[in-house]
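Letters A, B, ... mirror the listed sequences (proteins, then strands); counts begin at 1. Just so it is clear, the model here is predicted, and its values are computed rather than measured.
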Protein chains: 2
Amino acid sequence: MENIMTKMALDNWYSTVANTNKLLDTLTDDQLKGDVSPGRNSGTYLLGHLAAVHDRMIPLLGFGAQARPELNDVFLASPDKSGKEMPSLQELRNYWNDTNDKLDKHFKSMSPAQWFERHTSVSEEDFAEEPHRNKLNVLLSRTNHLALHYGQMVFLKSK
Amino acid sequence: MENIMTKMALDNWYSTVANTNKLLDTLTDDQLKGDVSPGRNSGTYLLGHLAAVHDRMIPLLGFGAQARPELNDVFLASPDKSGKEMPSLQELRNYWNDTNDKLDKHFKSMSPAQWFERHTSVSEEDFAEEPHRNKLNVLLSRTNHLALHYGQMVFLKSK
């Protein structure tokens, strides 16, 4: 069953990332700079937010160090329009693609059983009691998180 | 592993439904009648759409007949603002709650192994080749679908 479950979760992840990339490819930089709804987050902020959340999956899943921890302050700890300087949209597009490519490489090297190992923010003691706090659970919740913001970013397209 | 997997998927489902209910509880009918972003779907339409999608999970998961198939035309086959008559918001709120309550009752009666059985829109022959087309996969994809529209409906709240 492990291989079936990981296939389902990975299929969901990859299709949600693919939908997002397809959307990002159609959006001009001017469209991305706009707000998803009046007074709400800009596409720029959401792209940086999503890239930072995915970048943090690297240490959480035990793959290595986060590539751009200096961006957590602006995209995770601060809301949009905080006045904190954001990288250029081209830099954010590259950050997003590079991060997902890196995750993809690691995902492809994992056995189904490895997805059921604990992620790095749960202790061995807690994991013994709560075995659902594993790497696959991180993948499920981050897929949901991406779907939520994807649903907002579609509003950046012209009607 | 089956019990761990179903717990993860169900936890994700229940928390996404709970977030949506918490949002719906705070939204007045006037807020729900508004569009999530200018020119986009209304909260009314999205509530009906989500309820109809969840109602269709009942036959898809082999639990019985859909309660309100007559609503598929307005909420699944037609876009918002089609001119087709929608039920009142109170009726839609009840439809949403009743449908999720019914799903909850069925979910609680299922063994982990039953989640790995085929759903009713895949044939036995195809399922033999593609065992990931099971009931748990329906749950995962509908959780993502709900998260996507939840992310849009939060814009109905006043800032």
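- Residues B/L60 and B/F75 fall within the same hydrophobic cluster, defined by Ile, Leu, Val, Met, Phe, Trp and Tyr side chains chained together at heavy-atom separations under 4.5 Å.
- More than 12 heavy atoms of other residues, nucleotides or ligands shown are found within 6.0 angstrom of CD on A/E70.
- The cluster map of Ile, Leu, Val, Met, Phe, Trp and Tyr, joined by side-chain heavy atoms under 4.5 Å apart, puts A/W13 and A/V53 in different clusters.
- Residues A/L140 and B/L140 are in side-chain contact: their nearest non-hydrogen atoms beyond the backbone lie under 4.5 Å apart.
- The distance from the CG atom of B/N144 to the CG atom of A/N12 is 4.5 Å, given to the nearest 0.5 Å.
- Of the atoms belonging to A/H132, heavy atoms from both backbone and side chain fall under 4.5 Å from chain B.
- Counted within 6.0 Å of CD on B/E129, heavy atoms from surrounding residues, nucleotides or ligands total 12 or fewer; the atom is thus considered open.
- Cluster annotation: B/V138 and B/V122 are assigned to distinct hydrophobic clusters (Ile/Leu/Val/Met/Phe/Trp/Tyr, side-chain heavy-atom contacts under 4.5 Å, transitive).
- Hydrophobic clustering places B/F63 together with B/L71 (ILVMFWY residues linked when any side-chain heavy atoms are closer than 4.5 Å, directly or through intermediates).
- Considering all non-hydrogen atoms of both residues, B/M5 and A/M5 come closest at SD-CB, 2.7 Å.
- For the atom pair A/S37 OG and B/D35 CG, the distance stands at 9.5 Å (nearest 0.5 Å).
- Note: A/A147 leads A/G39, A/A147, A/S15 in heavy-atom pairs under 4.5 Å with chain B.
- Of the listed residues (A/V36, A/N3, A/T16, A/L146), the one with the most heavy-atom contacts under 4.5 Å to chain B is A/V36.
- Only the side chain of B/F116 comes within contact range of chain A, judged by heavy atoms closer than 4.5 Å.
- The hydrophobic clustering, which links ILVMFWY residues whose side-chain heavy atoms are closer than 4.5 Å, places A/L50 and A/L76 apart.
- Note that CD1 of B/I4 is 11.5 Å distant from CD of A/E130, once rounded to the nearest 0.5 Å.
- Annotation: side chain of B/L148 is not in contact with side chain of A/Q152 (no heavy-atom distance under 4.5 Å).
- Using a 4.5 Å heavy-atom cutoff, the side chains of B/N134 and A/M8 are in contact.
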